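Note that the structure is predicted; figures quoted are calculated from it, not measured. Every chain is numbered from 1 and lettered A, B, ... according to where its sequence line falls, protein lines coming before strand lines.
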There are 2 protein chains.
Amino acid sequence: MNSSSLTHTYSIGDLAREFDVTTRTIRFYEEAGMLTPARNAQTRIYSDQDRIKLKLILRGKRLGFSLAESRELIEMYDPASDNARQLKALQAKIRQRRAALEQQLNDIRVMQHELDAAEQRCQQALQGLEARTKTTKPE
Amino acid sequence: MNSSSLTHTYSIGDLAREFDVTTRTIRFYEEAGMLTPARNAQTRIYSDQDRIKLKLILRGKRLGFSLAESRELIEMYDPASDNARQLKALQAKIRQRRAALEQQLNDIRVMQHELDAAEQRCQQALQGLEARTKTTKPE
DNA sequence: CGTTACCTTTACGTTAACGTCAACCATGCA
DNA sequence: TGCATGGTTGACGTTAACGTAAAGGTAACG
């Protein structure tokens, strides 16, 4: 109707397909209080906002965060807090998260090098096998 | 005895303290077939090798890997396989892992920027509060 | 008007990764 | 000698994060 209204809506199935999760999973996140889609009678209707939140949850999941942790991360997005104490607490959490991410970055770098080494060993083992199949008979 | 014998051993408590896990956790990893410490009668005796394996498991955990996935990673360390088919499979897994790590790297970078932004919003909110406490009375 | 495709709620089941006893040895030391 | 410390094996409990099945509602399609 309104071409300037760029605010899409999604069914639960739409989101499930897009992010490759089951509808059960999405409903579970709602039970956990992490999503609060609008309703058309019984049927859930998801906004772009909801979609973004789901995206954040799933990214958190890929990084090994629990739902509780992801919830915290999401809450950092709108410091609706007008309370200095809460804001300080939020900053502390941000610092914690940052440290955890640094640790993960390190872990990943180390693991990448180890994968490099593992792959080289694989290559060499394969070349060793191939060399032998040219001189000795395979089976 | 032998000063060149740099092969330390550890009790289960040693390792638990070093890595900040419970002994139950370490025994659980053994049940799962991921650790096979030597024994002095009943008592478990961990070698440097065992310690490294535990380290790998815990790093995997920090990266959100399941124990099964960590097990695969650890198996990549000794391509004891003399079978070309297995080596190919191992290479495929290495590629998979690498892709997952790339994804994680991206996730982390994005999340770091978002934490930056969140922190700025916090700062501004706090400064906003402070400004008002100088003109209007607090409480 | 039946069936197909989605959607709903309710509710019990499952798996991973440990936690938490209990009941029991071994060892050093005050 | 007693007891604190640290180790052992069961075995059952717990929590998170969904899976799965049952029973039903609605809208479009042929």
> When you measure from every atom of DNA chain C, which of residues 28-35 of chain B have a heavy atom less than 4.0 Å away?
Replying inline: B:Phe28, B:Tyr29
> Do B:Tyr10 and B:Asp48 have side-chain heavy atoms sitting under 4.5 Å apart?
Replying inline: yes
> So which heavy atom on A:Gln91 is nearest to which on B:Glu119, and how close?
Replying inline: NE2-O, 4.4 Å
>> Just the rounded figure in Å: distance from P of D:dA23 to CD of A:Gln42.
In response: 19 Å
> In residues 55-68 of chain A, which residues come under 4.0 Å of DNA chain D by heavy atom?
Replying inline: A:Lys61, A:Ser66, A:Leu67
> Within this structure, what is the CD1-to-C1' distance between A:Ile26 and C:dC7, rounded to whole angstrom?
Replying inline: 13 Å
> Are A:Glu18 and A:Arg51 close enough for a salt bridge, meaning some N to O gap below 4.0 Å?
Replying inline: yes
> Within a radius of less than 6.0 Å around CD of B:Gln123, do more than 12 heavy atoms belonging to other residues, nucleotides or ligands occur?
Replying inline: yes
> Do B:Tyr29 and B:Leu58 touch side chain to side chain, with heavy atoms closer than 4.5 Å?
Replying inline: yes
> Less than 4.0 Å between a side-chain N and a carboxylate O, is that true for B:Arg24 and B:Glu31?
Replying inline: yes
> Contacts to DNA chain D from residues 9-22 of chain A, heavy-atom cutoff under 4.0 Å, which residues?
Replying inline: A:Thr22
>> Other residues, nucleotides and ligands only: do more than 12 of their heavy atoms fall within 6.0 Å of CD on B:Gln49?
In response: no
>> Under 4.0 Å between a side-chain nitrogen and a carboxylate oxygen: does that hold for B:Arg39 and B:Glu30?
In response: yes
>> Using side-chain heavy atoms (C-beta onward) and a distance below 4.5 Å, is B:Met76 in contact with B:Arg97?
In response: yes
> Between atom CZ in B:Arg71 and atom P in C:dA17, what is the gap in whole Å?
Replying inline: 10 Å
>> Taking the minimum atom-to-atom distance to the side chain of A:Arg27, which one of D:dT8, C:dT20, C:dT8 wins?
In response: C:dT8
> What integer distance in Å separates A:Arg24:CZ from D:dA16:P?
Replying inline: 14 Å
> Under 4.0 Å between a side-chain N or O of B:Thr25 and OP1 or OP2 of C:dG19?
Replying inline: yes
> Got a salt bridge between A:Asp14 and A:Arg17, using NZ or NE/NH1/NH2 to carboxylate O under 4.0 Å?
Replying inline: yes
>> In this structure, how many angstroms lie between the P atom of D:dG6 and the CG atom of B:Asn40, rounded?
In response: 18 Å
>> Taking the side chain as everything from C-beta on, heavy atoms only, tell me whether B:Val21 gets closer than 4.5 Å to B:Ile26.
In response: yes
